[in-house]
Number of protein chains: 2
Amino acid sequence: MVLRMTNQREIILKELQRSRQHLSADELYERVKKSMPRISLATVYRNLETMSEAGLIAKLEISGRQKRFDYDASHHDHIYCLQCSRVDNIEFDRDLLGQTSPRSAKGYQITGYRVEFIGICASCGRKNSQRSQAGNKKSNG
Amino acid sequence: MVLRMTNQREIILKELQRSRQHLSADELYERVKKSMPRISLATVYRNLETMSEAGLIAKLEISGRQKRFDYDASHHDHIYCLQCSRVDNIEFDRDLLGQTSPRSAKGYQITGYRVEFIGICASCGRKNSQRSQAGNKKSNG
DNA sequence: CTTAGTGCAAACTGTTTGCAGAGGG
DNA sequence: CCCTCTGCAAACAGTTTGCACTAAG
């Protein structure tokens, strides 16, 4: 049960931190392969799981999407892009929601809540407005 | 593009409504099979997709879990059980969150947000307290 | 040395798709 | 009649697992 700091584990963790993004297992695998070509995807999955259990990183489970991993294990909320699935941190007054949210409902004992913001990221927004500019003279189907 | 009300579609819809629960595609498939044994799981998936696009039902995408479908298509929030994955409706003051939540962040144009409550449902809570009663005389590992 | 961790391939879960034939309007 | 819908099987994406071998402590 003692956690060993293997080469693989270290590289995965460093790559995730270096990215400053919320990467999926396969994105991370592609990056890590560059410095360790024989690493397997299963190892990446196993280590991400282990490290998120150990609290070194956080596992993000966004509705209906591939899991992503966060170099920042502290509790915070996220926003994701409808178009490209990119995930970023978001800050808002979580306490206020905590005050107004119910403590129990329908016999449930409530242990927590998750807030996901949904939107269009800067780069997709830019692409969209370029596209609609171009399409202006034609129709917009 | 015209929606046909086939036998399959009707049975799926009625079964979902009758259940008054938030069922997954395969749970629904098992129920529907009783009155229509030759129906295929693909048909269930296709119809759930079609009907949620048409606004007849709602598709629930809960973090890191199988999709579930809601006979009530109106917008409301949900709570799910950590132990058995059961999903129920929950009511809370959504407007208040709307007022305090940001309208944009990190270049994102925010189009919505989703709140998920997490907890232990009544029946799992009961099981747990029975178990801990029984385990009281021993240790609690 | 011991036992956690690895690479590989194969399994598994949830969901989607291509196809030829069926049936709703 | 047409064209949407169906059942089936096969494909697919993301993730997990069994196994024999490797390496960290």
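Every chain is numbered from 1 and lettered A, B, ... according to where its sequence line falls, protein lines coming before strand lines.
- Atom CD in E27(B) sits about 10 Å away from atom P in dG14(C), given to the nearest Å.
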Between N or O atoms, less than 3.5 Å apart, protein on one side and nucleotides 8-15 of chain D on the other: list the pairs.
unit_1: dC8(D); atom_1: OP1; unit_2: R38(B); atom_2: NH2; d: 2.8
unit_1: dT15(D); atom_1: OP1; unit_2: K67(A); atom_2: N; d: 3.2
unit_1: dT15(D); atom_1: OP2; unit_2: Y45(A); atom_2: OH; d: 2.5
unit_1: dT15(D); atom_1: O5'; unit_2: Y45(A); atom_2: OH; d: 3.3

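- Rounding to whole angstrom units, CZ of residue R4(B) and P of dG24(C) are separated by 9 Å.
- Side-chain contact check for I90(B) versus H76(B): every heavy-atom pair is 4.5 Å or farther apart.
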Test log, rule ring-ring contact (aromatic ring centres under 6.0 Å, His included), inputs F117(B) and F92(B): CA-CA 10 Å; F117(B) 287 87; F92(B) 83 103; 5.2 Å; yes

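- Side-chain polar atoms of D70(B) and Q21(B) form no donor-acceptor pair below 3.5 angstrom.
- Taking only side-chain nitrogens and oxygens, N47(A) comes nearer than 4.0 Å to OP1 or OP2 of dT6(C).
- Counting heavy atoms from C-beta outward, R68(B) and I62(B) have side chains that stay 4.5 Å or more apart.
- For T6(A), taking side-chain heavy atoms from C-beta onward, the closest of the listed nucleotides dC5(D), dG5(C), dG25(D) is dG5(C).
- In the model, R31(A) has no side-chain atom that pairs as donor or acceptor with a side-chain atom of S19(A) under 3.5 Å.
- Side-chain nitrogen and oxygen atoms of T43(A) include at least one within less than 4.0 Å of the OP1 or OP2 phosphate oxygen of dG7(C).
- We find that CE of M5(A) is positioned 10 Å from P of dG5(C), with the value rounded to whole Å.
- Classified by interplanar angle (parallel below 30°, tilted 30° to 60°, perpendicular above 60°), the ring pair H78(B)/H22(B) is perpendicular.
- Within the 4.5 Å cutoff, side-chain heavy atoms of S35(A) are placed close to those of I11(A).
- Applying a 4.0 Å cut-off to non-hydrogen atoms, none of the residues of residues 48-55 of chain B approaches DNA chain C.
- Between the C1' atom of dC5(D) and the CD1 atom of I12(B) lies a distance of 11 Å, rounded to the nearest Å.
- Atom CD of E61(A) is separated from atom P of dG14(C) by 14 Å (rounded to the nearest Å).
- The CG-C1' distance, from N7(A) to dA24(D), rounds to 11 Å in whole Å.
- With hydrogens and angles left out, the side-chain atoms of D72(A) and Q17(A) include no donor and acceptor closer than 3.5 Å.
- R9(B) has its CZ atom 11 Å from the P atom of dT4(D), to the nearest Å.
- Of the side-chain N and O atoms in Q8(B), one or more sit less than 4.0 angstrom from OP1 or OP2 of dG7(D).
- Enclosure of atom CD in E27(A) by more than 12 non-hydrogen atoms of other residues, nucleotides or ligands within 6.0 angstrom is indicated.
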